[in-house]
Amino acid sequence: MQVQINTANNIDGREALVSAMETDVRTGLSRFGGRLTRVEVHLGDEANVQHGGAETRCMMEARPQGLDPMTVTDHAATPDLALSGALRKMTTALDREFGKLDAHRGR
């Protein structure tokens, strides 16, 4: 599984953050590793006008072998929280998709 992390230029500590995030993604999605060809993470700061501050958006795209790409997005106060939320959502989406496929093949 290839992992690519993309961050906006205004993210503090980008180099260390990218390395830590790549490890988190590999660990978080390791049970799907043989079924995924690539995972891309896009991290950026967004102004949150309603709450008077900035928040981090994490968009994650996973490419399962032989299937359409799957995308999830999470918003949080910090990059770590945004990644954790996106990983949780992606794990749920992949469990659901692969569960359907496995159940269909087992009939």
Side-chain angles (χ1 to χ4, degrees):
M1 167 176 57
Q2 183 181 12
V3 176
Q4 181 177 346
I5 310 289
N6 302 299
T7 64
N9 290 334
N10 60 349
I11 301 286
D12 292 333
R14 282 180 15 176
E15 300 301 323
L17 185 65
V18 166
S19 178
M21 287 186 150
E22 183 175 340
T23 300
D24 290 346
V25 169
R26 285 188 188 284
T27 302
L29 300 178
S30 62
R31 65 184 161 137
F32 306 111
R35 298 177 98 170
L36 300 176
T37 58
R38 181 181 179 98
V39 176
E40 288 187 40
V41 177
H42 300 273
L43 193 69
D45 281 340
E46 293 185 346
N48 188 341
V49 178
Q50 288 181 335
H51 296 98
E55 66 178 19
T56 302
R57 178 182 64 90
C58 181
M59 191 279 296
M60 184 179 296
E61 178 182 282
R63 297 177 184 233
Q65 292 178 346
L67 300 173
D68 290 334
M70 301 173 70
T71 305
V72 297
T73 302
D74 195 65
H75 294 84
T78 66
D80 290 334
L81 291 174
L83 178 68
S84 293
L87 271 171
R88 194 170 42 256
K89 289 178 181 181
M90 183 59 75
T91 300
T92 300
L94 291 169
D95 275 337
R96 186 179 312 119
E97 185 67 25
F98 291 144
K100 287 178 191 176
L101 288 172
D102 294 344
H104 181 68
R105 288 181 186 146
R107 286 189 199 178

Point to revise | E15 atom CD, neighbour heavy-atom count above 12 within 6.0 Å | key: no

Revision key, fill the gap. For P79 and M21, the nearest pair of non-hydrogen atoms, with its separation, is O-CE, 3.6 Å

Check your understanding: Between atom CD of Q4 and atom CD of E61, what is the distance when rounded to the nearest 0.5 Å?
Key -> 10.0 Å

Practice item. Provide the closest heavy-atom pair for A86 versus D74 in the form atom of the first, atom of the second, distance. Key: N-CB, 3.5 Å

**Study point:** Side-chain heavy-atom pair D95, R31 within 4.5 angstrom cut-off
**Key:** yes

Review point. Which value, rounded to the nearest 0.5 Å, describes the distance between L36 atom CG and R26 atom CZ?
Key: 11.0 Å

Practice item. Verify the cluster assignment for V72 and M59: are they in a single hydrophobic cluster under the rule of side-chain heavy atoms below 4.5 Å apart? Key: no

Exercise for review: Apply salt bridge (Lys or Arg N to Asp or Glu O under 4.0 Å) to the pair E55 and R57, showing each step before the final yes or no.
Suggested key: CA-CA 7 Å; E55 66 178 19; R57 178 182 64 90; over 6 Å; no

Review point. Side chains of D80 and L17: closer than 4.5 Å at any heavy-atom pair?
Key: yes

Review point. Between L87 and F32, is there a shared hydrophobic cluster once you connect ILVMFWY residues whose side-chain heavy atoms come closer than 4.5 Å?
Key: yes

Check your understanding: Just how far is it from atom CD of E22 to atom OG1 of T27, taken to the nearest 0.5 Å?
Key -> 10.0 Å

Review point. So which heavy atom on I5 is nearest to which on V25, and how close?
Key: CD1-CG2, 4.4 Å

Check your understanding: To the nearest 0.5 Å, what is the distance between CE (M70) and CZ (R96)?
Key -> 7.5 Å

Check your understanding: Is it the case that one hydrophobic cluster holds both L81 and L29, taking links as side-chain heavy atoms less than 4.5 Å apart, direct or via other members?
Key -> no

Exercise for review: Without swapping roles, check the side chain of T37 against the backbone of R63 for a donor-acceptor pair under 3.5 Å.
Suggested key: yes

Review point. Taking all atoms of both residues into account, what is the closest heavy-atom pair of T56 and A77, and its distance?
Key: OG1-O, 4.0 Å

**Study point:** Heavy-atom closest pair, residues M60 and M90
**Key:** O-CE, 3.4 Å

Check your understanding: For C58 and L43, which heavy atoms make the closest approach, and how far apart are they?
Key -> CB-CD1, 3.8 Å

